[in-house]
Amino acid sequence: MTTSTDQPVRIEVHTGDRTSAILIGEGIVDRLSVLLDAQSIGARRFIVSSPVIWSIVGPQIQRALGDGGDAILIPDGERFKNLQSVSRIYEALIRANADRGSALIAIGGGVIGDTAGFAAATYLRGITLVHVPTTLLAQVDSSIGGKVGVNHTLGKNLIGAFHQPALVTIDPLLLRTLPRREFRSGLYEVVKYGMIASRALFERVARDTKPIFDRNPAVLGPAIVESARIKADVVSKDEREGGLRRILNYGHTVGHALEAVTKYRRFLHGEAIAYGMLAAADLAVARGALAERERHALVQLIALLGPLPAISDLSIGEVLEAVRRDKKVVHGRLHFVIAIEIGATTTVDDVTEEELRAVLARLGLRS
């Protein structure tokens, strides 16, 4: 990892005729204005954040930008990731006469990034977007790749677009104040990258759990960089999820359904994905695609990272109904990502309701 005086790690996402830059380094948020100027980003820059996040990082960001202007503050949390929050951003931009040369800077976790990103994608048919992710989940996953959008009461991320950020600035030092549960939620996404693309990353998280939780930069930094590289590589090869990018949905089919049936109030996103990965591994073993020892390694690692919210009161029928509405259903067929070993996956589109029902029962849901 870098220090504030070193050059940050640079990762590029290539999509068509466009290249997005991801910069990773300790203390780089203090150089945000310089980084934006170097990319010729936005003569007018509008910040979107949440009240809690802005109270923590706002003074630092304002010093970095040399601007005492107010941020557009919207509520945080999955249940606020909706069109009402997007409308609040629109209204602030319209009142400020923001034009197509303006840039929207999303400062926060995945909810803020997704919501602000959708506003940037649709305001005046698209303005420049910059991410400054402040949670581990956002740093390794949601800020990278250009997927933006909001939830509907009937399902997660059903309203959205592809809108690549011009710049993503990832500063691991912003994670120092992140609550342990939020940090752990992001670690589940790091585990996901290990499951889909890197046994070495998976084993590193299992081996170095304590220093990672201690935010030891020598251990945490490389995990963030490798996760970002994996996602950037996948997105560069398949921006619009026509094939390869589907592997990033590992654990998300059941995970999104759990979030939807609990109205986005019970689970942090990574926690739901942890359950989704357990379900996907169970399905893969039942189909003979994954060795039991690999599933057991995943079960052990998720248990090692910490407790998950209870699911025994949730109905299998309600979760199955949410799965049917999943955006990964194409032409009536659900594309389900399963691991064939730690570090490799495949996608199947013939999973039956009976199979899923059995998996959810073994996971602990009620009939």
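A donor-acceptor pair is defined here as one N or O able to donate and one able to accept, closer than 3.5 Å; such a pair exists between the side chain of Ser143 and the backbone of Ala138. Between the side chain of Glu271 and the main chain of Leu308, no donor-acceptor pair closer than 3.5 Å is present. For the pair Ser236 (side chain) and His14 (backbone), a donor-acceptor distance under 3.5 Å is present. With hydrogens and angles ignored, the 3.5 Å screen pairs no side-chain donor or acceptor of Ser227 with any backbone N or O of Val190. The backbone N or O of Glu294 sits nowhere less than 3.5 Å from a side-chain atom of His296 that would complete a donor-acceptor pair. Listed for the His163 side chain is a donor-acceptor partner under 3.5 Å among the backbone atoms of Ile127. A donor-acceptor distance shorter than 3.5 angstrom exists from the side chain of Tyr123 to the backbone of Ala98, with no hydrogens or angles considered. Here the side chain of Arg366 pairs no donor or acceptor atom with the backbone of Ser312 at under 3.5 angstrom. The backbone N or O of Leu65 sits nowhere less than 3.5 Å from a side-chain atom of Arg45 that would complete a donor-acceptor pair.
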Audit row: Leu298, Ile342, side chain to side chain contact (heavy atoms under 4.5 Å, CB included) steps and yes/no: CA-CA 9 Å; Leu298 175 63; Ile342 295 173; over 6 Å; no
Worked verdict on Leu104 versus Leu93 for side chain to side chain contact (heavy atoms under 4.5 Å, CB included): CA-CA 9 Å; Leu104 206 57; Leu93 293 175; 4.0 Å; yes
Working for side chain to side chain contact (heavy atoms under 4.5 Å, CB included), residues Val148 and Thr122: CA-CA 10 Å; Val148 297; Thr122 49; over 6 Å; no
From CA spacing to verdict: side chain to side chain contact (heavy atoms under 4.5 Å, CB included), His252, Lys156: CA-CA 10 Å; His252 284 59; Lys156 184 178 174 70; over 6 Å; no
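Classification of the His269-His256 ring pair by plane angle, with boundaries at 30° and 60°, yields tilted.
One hydrophobic cluster, built from ILVMFWY side chains closer than 4.5 Å, holds both Tyr90 and Leu124. Residues Ile94 and Ile47 share a hydrophobic cluster, clusters being chains of Ile/Leu/Val/Met/Phe/Trp/Tyr side chains in contact below 4.5 Å. At a threshold of 4.5 Å between side-chain heavy atoms, the hydrophobic network of Ile, Leu, Val, Met, Phe, Trp and Tyr places Val348 and Val254 in one connected group. Note on Leu268: it does not cluster hydrophobically with Val191, by side-chain heavy-atom contacts below 4.5 Å among ILVMFWY residues. Taking hydrophobic clusters as Ile, Leu, Val, Met, Phe, Trp and Tyr residues chained together by side-chain heavy-atom distances below 4.5 Å, Leu137 does not share a cluster with Val168.
No side-chain heavy atom of Val351 sits under 4.5 Å from any side-chain heavy atom of Ile338. At a threshold of 4.5 Å between non-hydrogen side-chain atoms, the residues Leu220 and Leu175 count as touching. No side-chain heavy atom of Ile340 sits less than 4.5 Å from a side-chain heavy atom of Leu290. Proximity of Tyr264 to Val111: side-chain heavy atoms (C-beta onward) are nowhere separated by under 4.5 Å. A 4.5 Å side-chain heavy-atom check between Thr253 and Val337 finds every atom pair outside the cut-off. Looking at heavy atoms from C-beta onward, His335 lies out of side-chain contact with Asn249 at the 4.5 angstrom threshold. Between Lys81 and Asn157 there is a side-chain heavy-atom pair separated by less than 4.5 Å. Arg88 is listed as a side-chain neighbour of Pro75, based on a closest heavy-atom distance under 4.5 Å.
With respect to Arg266 and Asp313, a salt bridge is recorded, a charged nitrogen being found less than 4.0 Å from a carboxylate O. Using a cutoff of 4.0 Å between basic side-chain nitrogens and carboxylate oxygens, Lys192 and Glu189 are scored as salt-bridged. Taking the charged nitrogens against the carboxylate oxygens, Lys237 and Asp233 do have a contact shorter than 4.0 Å, which makes a salt bridge. Ion pair Asp141/Lys231 flagged as a salt bridge, since at least one NZ, NE, NH1 or NH2 atom sits closer than 4.0 Å to an Asp/Glu carboxylate oxygen. A salt bridge links Glu321 to Arg324: at least one charged side-chain nitrogen sits closer than 4.0 Å to a carboxylate oxygen. Glu26 and Arg176 are not joined by a salt bridge, as no carboxylate oxygen comes within less than 4.0 angstrom of a charged side-chain nitrogen. A salt bridge does not link Arg31 with Asp171: every distance from a Lys NZ or Arg NE/NH1/NH2 to an Asp or Glu carboxylate oxygen is 4.0 Å or more. Ion pairing between a basic and an acidic side chain is recognised when a charged N comes within 4.0 Å of a carboxylate O; Arg295 and Glu292 show such pairing.
Summarising the geometry, atom CD1 belonging to Ile89 is positioned 7.5 Å from atom CD1 belonging to Ile112; distances are rounded to the nearest 0.5 Å. Note that CG of Asn151 is 8.0 Å distant from CG of Asp114, once rounded to the nearest 0.5 Å. Thr345 contributes atom OG1, which lies 8.0 Å from atom CG of Leu244 (distance to the nearest 0.5 angstrom). For the atom pair CZ of Arg246 and CG of Asp238, the computed distance is 8.0 Å after rounding to the nearest 0.5 Å. Rounding to the nearest 0.5 Å gives a distance of 11.0 Å between CZ of Phe80 and OG1 of Thr115. To the nearest 0.5 Å, atom CG of residue Leu365 and atom CD1 of residue Ile311 are 4.5 Å apart.
The heavy-atom pair separating Ala339 from Ala284 by the smallest distance is O-CB, 3.5 Å. Here the closest heavy-atom approach between residue Pro59 and residue Trp54 is recorded as CD-O, 3.9 Å. When all heavy atoms of Ile22 and Ala232 are compared, the closest pair comes out as CD1-CB, 4.3 Å. The nearest pair of heavy atoms linking Leu201 to Gly194 is CD2-N, 3.9 Å. Nearest approach of Tyr275 to Pro309, heavy atoms of both residues: OH-O, 2.6 Å. Nearest heavy-atom pair across Ile273 and Gly255 is CD1-CA, 4.2 Å.
Remark: Gln84 CD is loosely packed, at most 12 non-hydrogen atoms of other residues, nucleotides or ligands lying under 6.0 Å away. Heavy-atom neighbours of Arg10 CZ from other residues, nucleotides or ligands within 6.0 Å: above the threshold of 12.
Cation-pi geometry between Arg180 and Phe213 is met: the NZ or CZ atom falls under 6.0 Å from the ring centre, inside 45° of the normal.
Lys210 and Asn216 form no side-chain donor-acceptor contact under 3.5 Å, judged by distance and modelled atom types alone.
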